[in-house]
Structure formats: C-alpha cells, structure tokens
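Contents: one structure, followed by commentary.
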Amino acid sequence: MTARKIIIDTDPGQDDAVAILLALASPEDLEVLGITCVAGNVPLELTTRNARIVCELAGFPQTKVFAGCDRPLGRNLVTAEHVHGKTGLDGPTLPEPTMPLQDGHAVDFLIDTLRREPAGSVTLCPLGPLTNIATALEKAPDIAPRIREIVLMGGAYFEVGNITPTAEFNIYVDPEAAKIVFGAGVPLVVLPLDCTHKALVTTPRNDAFRALGTRVGTAVAQMTDFFERFDLAKYGSEGAPLHDPCVTAYLIAPHLFSGRHINVEIETESTLCRGMTVADWWGVTDRAPNALFIGDLDADHFFALLTERLGRLS
Ligand code: BDR
Ligand code: CA
C-alpha cells in the first residue's frame with residue numbers, strides 16, 4: 001500500500017508536536033507533503049517556530065513548513081498559554097530552529113498542492129483552529145472536491161467543552177472557519193474531546209516514552225509532564241488527554257477508533273454557546289450526515305502504536 005499524502009495544519013502545542021512526530025515516524029503510512037501553521041494555542045510567530053523545532057527534533061529538517069493566518073476570520077485571537085505555556089511548547093529545552101520557513105502563504109500552498117496532486121489523493125489534517133483551511137476553501141472553491149478527506153481534532157458532544165462550558169478550543173477560536181469547513185461537502189472525520197479524553201497519558205504510558213531513551217522519547221515525556229499539570233488540576237483524571245495525535249493515529253490505524261456518521265453543525269451566533277459542535281449523535285433531526293464523529297478509541301493499542309513509532313526517531 002502506498003503512503004497516504006497528508007498536509008498537517010497545526011498550532012503547536014505539545015500535543016500537536018506529538019501528532020507531527022507520529023506522522024514523520026510513519027513514512028510507510030503517511031507522506032507529509034507539508035505543515036501549514038495557524039495561530040491558535042499561541043500566536044503564529046510561535047507556532048511556526050514550534051513546528052520547525054519539532055521537525056528538527058524528529059530529524060526531518062527538510063519538511064516544508066509554511067506560515068498561515070495569524071488570526072481568526074472575524075474575531076480576535078484567543079490563545080491557550082495557560083495550558084501550553086508561554087512558548088506553546090514548554091517542557092523540554094529544545095534548540096531554536098535553523099531550518100527555514102518556506103516562502104509563500106500556507107493557504108496558497110494548500111490550494112496549489114490540492115490543484116497539482118491527483119484529485120482525491122490529499123488528506124488534510126487540521127490540529128488547530130480551522131482558519132487556514134476555511135480561507136483556502138473560500139479563495140479556491142474548486143479544491144473542495146479534490147480533497148480526499150479532512151481528518152481533524154475539534155469539537156465535543158458528550159464532553160461538551162474545554163475552553164468554555166460548551167465549546168472545544170479549536171472550534172471556539174474560529175467558529176466561522178469551522179462552519180465553512182463543516183459545510184464544505186468534503187468527507188470529514190472529527191476526533192472530538194469525546195474520543196481524545198480517553199487518550200490519557202497515565203504515568204506508565206509516560207514512563208514508556210521516557211524509557212525509549214532517545215531525545216524524542218525524553219522530549220515527549222517532558223512535554224506531557226508539562227501540560228499534564230494543567231489537565232490534572234482541571235479534570236483530576238489519571239493523566240492528561242493527548243488530543244492531536246488521535247488524528248495521525250486514526251490515519252495509521254483507523255480500526256482503533258469507532259464513531260457514528262452524523263450531522264454536525266457549528267454554533268456561531270450565540271454568546272454562551274459560541275463554537276459549540278451541535279452533533280446529532282442520536283439522529284433526532286433529519287439533517288444530512290456530514291461527518292464521521294469519533295466517540296471511542298482503544299487507548300492501550302493507541303499508546304502502544306505511538307510509543308513504537310516514536311521509538312523509531314533519532
Ligand atoms: C485542542 O486545543 C489545543 O489546545 C490542543 O492542541 C488541541 O488541538 C484541544 O481542545
Ligand atoms: Ca492543536
């Protein structure tokens with residue numbers, strides 16, 4: 001089987017970093033055509049820095065990294081330093097990147113790549129607010145039918161919200177962008193909090209990263225140590241959820257995940273419910289399904305896969 005071509009759209013973020021490392025460690029499954037950065041967890045200047053730090057940590061400095069949108073479509077940027085630290089990648093001490101940012105805007109890279117590659121061959125993997133993807137779809141509507149699938153981390157139904165009582169961070173930051181993406185008619189797979197809150201980095205799982213004895217293993221363990229302090233205080237659970245790697249793991253091992261093909265709409269009007277993913281899990285409307293909404297994962301096999309793949313790097 002040939003590797004699936006993907007573009008990772010991201011706002012690193014420690015969990016974004018692990019998602020990128022998993023993709024780069026899996027060349028037989030995934031061919032990373034490029035990484036497009038967006039403002040989200042931290043401002044764009046830092047997400048472009050962090051994405052390059054991660055590529056260099058993985059030993060893939062040749063990866064194409066692009067800067068994209070520095071703010072949501074029509075709102076002020078909301079960031080999450082309270083979770084990810086001042087740099088977005090707090091935890092390990094990693095060198096400043098030396099690899100260059102590519103010339104050109106991330107949105108143009110998305111459009112050009114989708115027009116150049118065979119129709120139906122490129123999968124988009126958004127791990128942050130959907131501003132870049134929505135901007136590309138608005139600027140070049142012809143790309144929509146050329147996208148194989150969009151597999152994204154965002155939203156929630158049973159878990160409801162993490163940045164507000166009703167919204168998950170990525171969708172909350174740019175709900176108008178999310179509305180465009182969910183309405184684009186592109187095959188969509190959504191990894192919401194309902195799934196990612198089951199991907200908990202327990203102590204034995206974090207010890208397994210550290211026990212790899214590699215730079216990558218140590219750095220990942222330090223990253224999860226860092227953001228864990230926030231999630232443990234917040235949820236009191238047995239470990240922090242590793243959200244974004246669920247996207248790249250889904251692409252590698254979809255059999256580890258289960259969900260329902262349902263209708264999901266994005267709330268943009270309400271103040272209280274801004275960015276809520278209104279997911280018709282129970283099929284109580286006649287609205288047409290537009291997404292595979294994942295509800296569960298096999299956490300033990302997910303962490304086994306992740307640890308094995310990370311062990312391949314440096
Ligand atoms: C999402 O928000 C960010 O803080 C994480 O990187 C993840 O993409 C979880 O709500
Ligand atoms: Ca993210």
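Just so it is clear, the model here is predicted, and its values are computed rather than measured. Ligands are counted one by one from 1 in listed order, and the atoms in each one are counted from 1 as well.
In this structure, the side-chain contact (heavy atoms from CB on, under 4.5 Å) partners of Asp298, at least two apart in sequence or on a different chain, are Leu256, Asp300, His301. Here Phe66 pairs with Phe109 under the ring-ring contact (aromatic ring centres under 6.0 Å, His included) rule; sequence neighbours left out.
In this structure a side-chain-to-backbone donor-acceptor pair under 3.5 Å is missing from Arg309 to Ala25. A donor-acceptor distance shorter than 3.5 angstrom exists from the side chain of Thr48 to the backbone of Glu45, with no hydrogens or angles considered. Side-chain N or O atoms of Asn41 include none that pairs as donor or acceptor with a backbone N or O of Gly88 at under 3.5 Å.
The 4.0 Å heavy-atom shell around ligand 1 contains residues Asp15, Asp16, Asn41, His84, Leu127, Met153, Asn162, Glu168, Phe169, Asn170, His243, Asp244, ordered by chain and number.
Annotation: protein N, O or S atoms under 3.0 Å of the Ca ion (ligand 2) (waters excluded) comprise Asp11 OD1, Asp16 OD1, Asp16 OD2, Leu127 O, Asp244 OD2.
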Kindly determine whether Leu152 and Ile133 satisfy side chain to side chain contact (heavy atoms under 4.5 Å, CB included), including the steps that lead there. CA-CA 11 Å; Leu152 67 87; Ile133 311 296; over 6 Å; no

Side chain to side chain contact (heavy atoms under 4.5 Å, CB included), that's the test. Do Gln14 and Leu242 meet it? Break it down for me. CA-CA 9 Å; Gln14 292 90 349; Leu242 208 44; over 6 Å; no

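Contact of the Glu81 side chain with the Pro43 side chain is registered, since non-hydrogen atoms from C-beta on lie closer than 4.5 Å.
Enclosure of atom CZ in Arg260 by more than 12 non-hydrogen atoms of other residues, nucleotides or ligands within 6.0 angstrom is indicated.
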